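First the structure, in the form of structure tokens, and then the observations on it.
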Amino acid sequence: MSYHVVAFTMAQVRQGALEFQRQLGAVLRESRDLKVYSPSPFDLEERRRAKDRFGGDIVYFFNEAALQESRRLGLELKFVAEIPDEELPRRRTVVVGIPESKTKV
């Protein structure tokens, strides 16, 4: 599985670039596979690596379902890269989506 990368500057964030979180969050009932991650706020080294690699101050990783839903909603997001899932930050936070359970029932 691949992930699609969006990087925002702080200026873009101040101008409302994070609106995508609200819009994608509103459709989670219909699309439970949606996942958007960011590096963990507690792992400063990982955040720095993402910033250095992709530019911007804040970096997000969209799975295919989130990418398709973003397009369907007409969100104007500039995807700067596509990476395989093994390149996702090991310590990451779910920004949009249902967190995966660590235990199996």
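None of these values were measured; they are calculated from a predicted model. Throughout, residue positions are numbered sequentially from 1 according to the sequence presented.
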Legend entry - Approximate separation, where rounding is to 0.5 Å, of Glu87 CD and Tyr3 OH: 12.5 Å
Legend entry - Audit row: Phe79, Val5, side chain to side chain contact (heavy atoms under 4.5 Å, CB included) steps and yes/no: CA-CA 5 Å; Phe79 292 93; Val5 183; over 6 Å; no
Inset, instruction - Report yes or no: do Val94 and Leu77 belong to one cluster of Ile/Leu/Val/Met/Phe/Trp/Tyr joined by side chain heavy-atom distances under 4.5 Å? - result: no
Legend entry - Electrostatic pair Arg47:Asp43 at N-O distance under 4.0 angstrom: no
Legend entry - Shortest non-hydrogen separation from Leu67 to His4 and the atoms involved: CD2-NE2, 3.4 Å
Inset, instruction - Could you check whether the rings of Phe61 and Phe54 sit parallel, tilted or perpendicular, using 30° and 60° as the cut-offs? - result: perpendicular
Legend entry - Intermediate values then yes/no, side chain to side chain contact (heavy atoms under 4.5 Å, CB included), Ile58 and Met10: CA-CA 7 Å; Ile58 301 173; Met10 289 307 291; 3.9 Å; yes
Inset, instruction - Answer yes or no: are there more than 12 heavy-atom neighbours, outside Arg48 itself, under 6.0 Å from its atom CZ? - result: yes
Inset, instruction - Could you tell me whether the side chains of Tyr60 and Gln21 share a donor-acceptor contact shorter than 3.5 Å? - result: yes
Legend entry - Spatial distance of atom CD1 (Ile98) from atom CZ (Arg29) [nearest 0.5 Å]: 10.0 Å
Inset, instruction - Answer yes if Leu18 and Val80 sit in the same cluster of Ile, Leu, Val, Met, Phe, Trp and Tyr residues linked by side chain heavy atoms under 4.5 Å apart, and no otherwise. - result: no
Inset, instruction - Answer whether the closest heavy-atom distance between the side chains of Met1 and Asn63 falls below 4.5 Å. - result: yes
Legend entry - Among Val96, Val36, Leu24, Val6, the one residue meeting side chain to side chain contact (heavy atoms under 4.5 Å, CB included) with Ser70: Leu24
Inset, instruction - Find the distance between OG (Ser38) and CZ (Arg91) and round it off to the nearest 0.5 Å. - result: 12.0 Å
Inset, instruction - Drop me the distance from Asp33's CG to Gln68's CD, to the nearest 0.5 angstrom. - result: 12.5 Å
Legend entry - For Gly56 against Lys51, the heavy-atom pair lying closest together: O-CG, 2.9 Å
Legend entry - Summary of salt bridge (Lys or Arg N to Asp or Glu O under 4.0 Å) pairs that have at least one residue in residues 69-81, sequence neighbours excluded: Glu69-Arg72
Legend entry - Trace of the side chain to side chain contact (heavy atoms under 4.5 Å, CB included) decision for Arg92 with Ser40: CA-CA 4 Å; Arg92 58 187 176 261; Ser40 169; 5.8 Å; no
